[in-house]
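Taking it in order: structure first as structure tokens, then the write-up.
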Amino acid sequence: MSLGQHLVELRKRLMIAAAALLIGMVVSFFITDGVIHLITEPIRVIAEQRGDEIEVELMFSTVTSAFDLRIRMAFAIGLLLSAPVWLWQIWAFVMPGLTRKEVQYTIGFVAAAIPLFFAGCWTGLAVMPHIVEIMATFVPEGGASFYDAKFYYDFVFKLVIVVGVAFVLPVFLVALNLAGVMTGRDILKGWRVAVLVATIFAAVATPGADVVSMILLAGILSLLFFAAALVSLFFDRRRRKREEKLLADGTAP
């Protein structure tokens, strides 16, 4: 294909992806009530615990802030709902230029990354109420808690995304290994730091009294790290055997 044909193909893929995103946003706009109810559950719990002593409310500070919040939520949810379409458009555009091995690696990467990302997002959503409740304990006696809707949503969204990405990091470690940037031994050498970071993150993300949840979350993150190290060691071993075979056959470069 010529450059012009590539640009025409790219425009076609982008238009299909944009149309899918727009449809996803329209559908998502009508379910934002349920999402708002879900993410504001911690605020209602705090309000019930405080009773009439401290005022706890979700605040919309401008005339259009409620509408703006729904648009932002519709975009995020619509992006998620339309992911199968726009991901396929990206794949269909890139795939013809990939070798068979690159296609296999890409499929394996996506197949591992997507479920891990959603598992991380679910975990972030699960620990979010604990973080909000812990932060509410720092409000001084006689103070009031007014959560600005925009900043509250940003906090929840960023937390969910960060935890989702944290679950995908082991896949990136394996990708770096396949690219020859890091060996399995290099990854494994950092296990102390990885376990420490996982434990600190779990301690912050879970309530202080809930030791079981902290250990479970830290264990999952540590297990994913060690799984990435073991997979990388396996790839290193297979690569070594292939190189030794080539040397033995006299076909090594």
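Only heavy atoms go into these numbers, but all of them, side chains included; no hydrogens, no water, no symmetry mates.
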Task: side-chain contact (heavy atoms from CB on, under 4.5 Å) between Leu169 and Phe225, worked out - done: CA-CA 8 Å; Leu169 283 178; Phe225 172 81; over 6 Å; no
TODO: Please collect all ring pair (Phe, Tyr, Trp, His ring centres under 6.0 Å) contacts where either partner lies in residues 58-84, sequence neighbours excluded, each pair once.
DONE: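 For residues 58-84: none.
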- [ ] Scan residues 17-46 for pairs that pass ring pair (Phe, Tyr, Trp, His ring centres under 6.0 Å), counting only residues two or more places apart or in two chains.
- [x]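 Not a single pair qualifies under ring pair (Phe, Tyr, Trp, His ring centres under 6.0 Å).
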Minimum heavy-atom distance [X]-[Y], with the two atoms named:
{"X": "Val174", "Y": "Phe235", "result": "CG1-CE1, 3.7 Å"}
{"X": "Val171", "Y": "Ala112", "result": "CG2-CB, 4.2 Å"}
{"X": "Val160", "Y": "Gly124", "result": "CG2-C, 4.3 Å"}

Task: Selection residues 64-93 - residue pairs positive for salt bridge (charged side-chain N to carboxylate O under 4.0 Å, His left out), sequence neighbours left out - done: Asp33-Arg70, Arg72-Asp154
Open item on the list: Please report the interatomic distance CG(Leu58) to OG1(Thr40), rounded to the nearest 0.5 Å.
Closed with: 6.5 Å
- [ ] Kindly compute the distance separating CG (Leu173) from CG (Leu188), expressed to the nearest 0.5 Å.
- [x]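 Going from CG on Leu173 over to CG on Leu188, the span is 11.5 Å.
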TODO: List in chain and number order the residues that pass salt bridge (charged side-chain N to carboxylate O under 4.0 Å, His left out) with Arg44, two or more places apart in sequence or in another chain; answer none if no residue qualifies.
DONE: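 So Arg44 forms a salt bridge (charged side-chain N to carboxylate O under 4.0 Å, His left out) with Glu41.
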Open item on the list: Taking Gly184's backbone N and O only, do any of them form a donor-acceptor pair with Asp236's side chain (distance below 3.5 Å, no angle check)?
Closed with: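 Confirmed, Asp236 side chain pairs with Gly184 backbone.
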TODO: Report yes or no: does Trp86 contribute a side-chain atom to a donor-acceptor pair with the main-chain N or O of Arg13 at less than 3.5 Å?
DONE: no
TODO: List, by chain and then residue number, the residues other than Val85 in its hydrophobic cluster (Ile/Leu/Val/Met/Phe/Trp/Tyr, side-chain heavy atoms under 4.5 Å); write none if there are no others.
DONE: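 Besides Val85, the cluster holds Ile16.
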Open item on the list: Can you list, by chain and residue number, the hydrophobic cluster partners of Val45 when the side-chain cut-off is 4.5 Å?
Closed with: none
TODO: Mind running side-chain contact (heavy atoms from CB on, under 4.5 Å) on Lys150 and Leu69 for me, showing each step along the way?
DONE: CA-CA 6 Å; Lys150 175 180 178 295; Leu69 177 63; 5.8 Å; no
Task: Pairing residues for Val132 by the side-chain contact (heavy atoms from CB on, under 4.5 Å) criterion, not counting sequence neighbours - done: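 Val132: side-chain contact (heavy atoms from CB on, under 4.5 Å) contacts with Pro42, Ile46, Met128, Tyr147, Tyr152, Phe155.
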TODO: Please list, chain by chain and in numerical order, all residues satisfying side-chain contact (heavy atoms from CB on, under 4.5 Å) with Leu38, sequence neighbours excluded.
DONE: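 With neighbours one apart ignored, the set is Leu125.
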Task: Results of ring pair (Phe, Tyr, Trp, His ring centres under 6.0 Å) for Phe151 - residues two or more places apart only - done: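 Not a single residue meets the ring pair (Phe, Tyr, Trp, His ring centres under 6.0 Å) criterion with Phe151.
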TODO: Could you list the residues that satisfy ring pair (Phe, Tyr, Trp, His ring centres under 6.0 Å) with Phe234, not counting sequence neighbours?
DONE: none
- [ ] Output, in order, the C-alpha distance, side-chain angles, deciding distance and verdict of side-chain contact (heavy atoms from CB on, under 4.5 Å) for Arg185 and Leu233.
- [x] CA-CA 7 Å; Arg185 289 183 179 275; Leu233 287 170; 4.0 Å; yes
All N/O donor-acceptor pairs, side-chain side in residues 189-200, below 3.5 Å, sequence neighbours left out:
unit_1, atom_1, unit_2, atom_2, d
Thr199, OG1, Val195, O, 2.7

Task: Donor on one side chain, acceptor on other, Ser61 and Asp148, under 3.5 Å - done: yes
With a 4.5 Å cut-off on side-chain heavy-atom distances among I, L, V, M, F, W and Y, is there a chain of contacts connecting [X] to [Y]?
{"X": "Phe157", "Y": "Ile31", "result": "yes"}
{"X": "Val231", "Y": "Leu223", "result": "no"}
{"X": "Leu116", "Y": "Ile114", "result": "yes"}
{"X": "Leu159", "Y": "Trp122", "result": "no"}

Open item on the list: Taking atom CE as the centre, does Met59 end up with more than 12 heavy-atom neighbours from other residues, nucleotides or ligands that are less than 6.0 angstrom away?
Closed with: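 Correct, the count exceeds 12.
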Task: side-chain contact (heavy atoms from CB on, under 4.5 Å) evaluation trace for Phe167 with Leu221 - done: CA-CA 7 Å; Phe167 271 57; Leu221 293 173; 3.5 Å; yes
Pairs under 3.5 angstrom only: tabulate donor-acceptor contacts from the side chains of residues 17-28 to other protein residues two or more places apart or in another chain.
unit_1, atom_1, unit_2, atom_2, d
Ser28, OG, Gly24, O, 2.6
Ser28, OG, Gly78, N, 3.2

Open item on the list: Would you say that Leu80 contacts Phe118 through its side chain, given a criterion of any heavy-atom pair below 4.5 Å between the two side chains?
Closed with: yes
Open item on the list: Using side-chain heavy atoms (C-beta onward) and a distance below 4.5 Å, is Arg11 in contact with Leu7?
Closed with: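 They are not in contact (no side-chain heavy atoms under 4.5 Å apart), so the answer is no.
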